[in-house]
Amino acid sequence: MKTIRVFPRSSASNNLFTRIYALVRKIPRGRVATYGQIARALGMPRGARTVGWALRACEKNIPWQRVVNAHGKISLRPTAGFQTQRARLRAEGVRFDRSGKINLKKYGWQKI
DNA sequence: GGGCTGACTGACG
DNA sequence: ACGTCAGCCAGCC
């Protein structure tokens, strides 16, 4: 039996979530960031999975589509947002190669 | 406190 | 370049 939380119970973690969301909102249009990159910026060098976990419950007003994995690809997720994410990014001018990968050197946020 | 899960990552073959 | 594997970390039971 799998219980799905849309948001963490503890208010302490809400602060972490808030920081993650705030950072994601700063990603410029037409650019992408990786989970690890965001985690690092928040002082959690190995907390990439936690970032992904947080985005699982993201609200609709944040540009979650601009977060991809370190390989430059869209991560699989329980919900069916794969196509949506790719469409949104393409609408922002982000190009995908044949294998559905993004050139992080070109579209990556800041350094990588 | 112990154990499991996951929108991850870097290393290997 | 692609599939596997072992670490990682916060949250939940």
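Order of the sequence lines sets the chain letters (A, B, ...), proteins ahead of strands, with each chain counted from 1.
Separating the CZ atom in A/F96 from the OH atom in A/Y107 is a distance of 9.5 Å, to the nearest 0.5 Å. With values rounded to the nearest 0.5 angstrom, A/I62 atom CD1 is found 10.5 Å from A/L23 atom CG. Rounded to the nearest 0.5 Å, atoms CG (A/L42) and CD (A/Q37) are 11.0 Å apart.
Judged as a salt bridge (charged side-chain N to carboxylate O under 4.0 Å, His left out), the pairs with a partner in residues 85-99 of chain A (not counting sequence neighbours) are, in order, A/R66-A/E92. Screening residues 29-41 of chain A for salt bridge (charged side-chain N to carboxylate O under 4.0 Å, His left out), with sequence neighbours left out, gives no hits.
For A/N61, there are no side-chain hydrogen bond (donor to acceptor under 3.5 Å, both in side chains) partners, not counting sequence neighbours.
For the pair A/R40 and A/G52, nearest-nucleotide mapping onto DNA chain B gives the more 5' position to A/G52. Summary of the strand contacts: A/T50 and A/V68 both lie near DNA chain B, and taking for each the nucleotide with the nearest heavy atom, the more 5' one is attributed to A/T50.
For DNA chain C, the stems formed by at least three consecutive Watson-Crick or G-U pairs, with both atom-pair distances below 3.5 Å, span B:2-6 with C:9-13, B:8-13 with C:2-7.
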Shorter than 3.5 Å, N or O on both sides, protein versus nucleotides 2-4 of chain B: list them out with atom names.
none

Under 3.5 Å, which N/O atoms of the protein pair with N/O atoms of nucleotides 6-8 of chain C?
| unit_1 | atom_1 | unit_2 | atom_2 | d |
| --- | --- | --- | --- | --- |
| C/dG7 | O6 | A/R49 | NH1 | 3.1 |

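The listed nucleotides are C/dG11, C/dA1, B/dT9; the one nearest the side chain of A/T34 is B/dT9.
Under 4.0 angstrom from either OP1 or OP2 of B/dA7 there lies no side-chain N or O belonging to A/K73.
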Begin with the C-alpha distance, continue with both residues' side-chain angles, and end with the deciding distance and a verdict on side chain to side chain contact (heavy atoms under 4.5 Å, CB included) for A/I20 and A/W53.
CA-CA 11 Å; A/I20 291 175; A/W53 194 87; over 6 Å; no

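A/H71 places its NE2 atom 8 Å from the P atom of B/dT9, with the value rounded to the nearest Å. Nucleotide B/dA7 holds its C1' atom 8 Å from the CD atom of A/Q85, rounded to whole Å.
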